[in-house]
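First the structure, in the form of structure tokens, and then the observations on it.
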Amino acid sequence: MSLFEVCNLSAGYGDLTIVWDASFSIDDNEIVVLLGSNGAGKTTLIETIVGLNKVKSGKMIFNGVELQGKDAAAIAEAGITLVPQGRELFAGMSVLENLYLGSYLKGPRSKRADSLEFVFSLFPKLQERSQQKAGSLSGGEQQMLAIGRAIMSDPKLLVLDEPSLGLAPLIVDTVFQSILQVRQEKKISILLVEQNLKKALSVADRGYVVESGRIVLEGNPKELLANEHVKKAYLGA
Amino acid sequence: MGTFFQTITNGILIGGVYAVVATGLTLIFGVLNVANFAQGEFMMLGMYVTLFLSRGLGVDPYLLTFLVAVIFIAFGYLVEKFLIHQTLSKPHETQMLLTLGLAIFFRSLMMVICGPNYQSLAVPYRLKSLLIGGVLLSYPRLLSFLVAVVLIILLWLFLNYTELGRAIRASSQNSKAATLMGINSNWMYGIAFSIGIMLAAVGGLTLVPFYYVFPDVGVYFGLIAFVVVVLGGLGDVLGAIVSALLIGIIESVTAQYVALDLSHLGVFLVFILVLVFRPQGLLRGRRSS
């Protein structure tokens, strides 16, 4: 069985349903990408996975445990950590304090020193700026801090919501490089949400395409890039 | 010149009490996003509890600080859990009406139990004072200030150097991100509210040896706490401390050099000017945050 299995999940806000009947899975040490244009429901879907939205119906099974109905703190404790869109740092606190907060829970706290060393090896910039306020960092550094903070939580599944949004191409490369490095050294699974289709498929093992709140396609990067619908709708060919 | 230093000193000494009560208010606002209009009334309850305990046990009020703190941490936790918490997902008016209602309830309750009379506690050092460099420091006021300073230092250490304190600050800055770190927000709400209430009550305790205790005593202090919090920038603990001392000084200077019964006028005049010219708070923007 997969590490994380989502079955027939529906979610939304209040009476409004945005995600319909979504099913997908993530295996151990796998990078899976959710693709789709603006407003397709990707962010709603993953905010539901991490407990920020209520599940309307369906199941989420992580490591054999059902997670639907649990709150965000409990899901974080179970080992799923989100790097949210817009980064959501603690802007008035130092870089180091942000990283410490990533390892607030007892489990990750016991590995704090090792995790910190790993984050600093991944992003040496963060070590240089460890005493600086998070809000004073550049956009790229803030994204690195958001990823670093999530790694401090020692997750089994790392979820990244549009990590390339608003970053310069060179920084985007660094960010995607670091994602591959995290997977390799921490042996964890990664769920990536992206609009940047080519970039995302270059690091992913598998991908799902989300349109109007439904998952419409699944495949490995080769299959998806060769798909006529994907070509037309996302690659402008 | 002697009068001037005396005036400033008096202001700073009372400013310590304002700082304690207002820090509690700003902490509650920062974490729960609730304006606690009953802050002054919790202070009043703290004064009554101190008065009764001190009379009943025959112990100096300042020696009761720890006991009163523990009582009000528990009380605050229950009030949060059973009342405030039920309104957190509701519109702001609901929380406002709840805390305003609590304020009226506590005032009326004490009126029923103790009557409207002014009560005071006779401590042996009530009229004693210390003379330092021509400035007269009244014992009870000095002790009140010292308790306030110790309390604020402890709070500062707690917020900055413990895991729990860091989590409270994180929830205050970005509650969504805090939840994503596995920080249980309900737990944070309970802790922040009980610490905020404890600060109000202990602020009240420090006043008992030199201030009258009556059901409406918290009204002015609650109002001052709001002024202090707005001047310092909402949710900003350091800003609250600085502006509390400033308010104490302004009050004392107005009373000394303008007219005794106009001391409140000075405070609110400054308040209005700050609202017009620096609505973000006195310290905001000066520090990078």
Side-chain angles (χ1 to χ4, degrees), chain A residues 46-47 49-54 70-94 96-110 112 131-137 142 145-146 149-155 158-161, chain B residues 26-27 29-33 85 88-91 156-192 232-242 280-289:
Chain A
I46 59 159
E47 290 203 336
I49 289 170
V50 299
L52 291 172
N53 279 332
K54 281 217 171 92
K70 299 216 167 148
D71 65 15
I75 289 177
E77 203 160 0
I80 303 181
T81 304
L82 172 69
V83 179
Q85 202 179 112
R87 308 184 273 265
E88 307 277 355
L89 297 172
F90 304 107
M93 296 166 88
S94 72
L96 198 60
E97 280 195 301
N98 270 272
L99 292 173
Y100 277 175
L101 278 160
S103 53
Y104 167 79
L105 290 169
K106 285 223 173 64
R109 199 183 298 172
S110 63
R112 182 175 278 172
Q131 297 307 321
Q132 230 170 289
K133 289 242 168 79
S136 70
L137 300 180
Q142 290 196 8
L145 180 54
R149 186 179 64 176
I151 294 171
M152 294 295 290
S153 307
D154 196 30
L158 181 65
V159 185
L160 297 108
D161 193 358
Chain B
T26 211
L27 196 63
F29 184 84
V31 177
L32 287 86
N33 203 11
H85 203 87
L88 285 181
S89 55
K90 307 232 160 66
W156 185 258
L157 293 175
F158 169 70
L159 287 178
N160 285 288
Y161 296 102
T162 66
E163 293 288 335
L164 192 57
R166 193 187 292 133
I168 289 177
R169 283 188 298 135
S171 309
S172 167
Q173 283 194 15
N174 188 334
S175 61
K176 179 182 165 188
T179 332
L180 290 175
M181 304 296 105
I183 296 171
N184 181 335
S185 49
N186 293 343
W187 175 225
M188 292 301 119
Y189 295 153
I191 293 182
L234 293 164
D236 186 338
V237 171
L238 187 66
I241 294 166
V242 173
Q280 70 274 43
L282 280 178
L283 297 187
R284 279 279 157 87
R286 276 162 200 266
R287 293 174 297 147
S288 59
S289 72

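The analysis underlying the following values was restricted to heavy atoms, covering all of them including side chains, and did not include hydrogens, waters or symmetry mates. Per chain, numbering begins at 1; letters A, B, ... match sequence-line order.
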What part of [X] gets closer than 4.5 Å to chain B, counting heavy atoms only: side chain, backbone, both or neither?
| X | result |
| --- | --- |
| A:Arg109 | side chain |
| A:Ile80 | neither |
| A:Glu77 | neither |
| A:Glu47 | side chain |

Problem - Gap between atom CZ of B:Arg169 and atom CE of A:Met93 - 0.5 Å precision - result: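 Going from CE on A:Met93 over to CZ on B:Arg169, the span is 3.5 Å.
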Problem - Any donor-acceptor N/O pair, A:Glu88 side chain to B:Lys176 backbone, under 3.5 Å - result: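 No, the answer is negative, given that no donor and acceptor are paired below the 3.5 Å cut-off.
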Practice task
Search all heavy atoms of A:Ala76 against all heavy atoms of B:Thr179 and return the closest pair with its distance.
Solution key: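 The pair with the smallest heavy-atom distance is CB-O, 4.5 Å.
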Problem - Taking every non-hydrogen atom, the tightest pair across A:Leu101 and B:Ala170 - result: CD1-CB, 3.6 Å
Please tabulate, for side-chain N and O atoms in residues 159-168 of chain B, each donor-acceptor pair with protein atoms closer than 3.5 Å (sequence neighbours left out).
from, atom 1, to, atom 2, distance (Å)
B:Asn160, ND2, B:Trp156, O, 3.0
B:Thr162, OG1, B:Phe158, O, 2.6
B:Thr162, OG1, B:Gly165, N, 2.9
B:Glu163, OE1, A:Arg112, NH2, 3.0
B:Glu163, OE2, A:Arg112, NH1, 2.6
B:Glu163, OE2, A:Arg112, NH2, 3.1

Fill in the blank from the handout: One option among A:Gly51, A:Ala73, A:Pro84 has the most heavy-atom pairs under 4.5 Å with chain B, and it is A:Ala73
Practice task
Would you check if B:Met181 and A:Met152 make a side-chain contact, meaning some heavy-atom pair closer than 4.5 Å?
Solution key: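 When only atoms from C-beta onward are counted, A:Met152 and B:Met181 do not touch, as no gap falls below 4.5 Å.
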Exercise for the section: Report yes if some heavy atom in the side chain of A:Val50 is under 4.5 Å from a heavy atom in the side chain of B:Leu180; otherwise report no. Expected result: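 Yes - at least one pair of side-chain heavy atoms lies under 4.5 Å apart.
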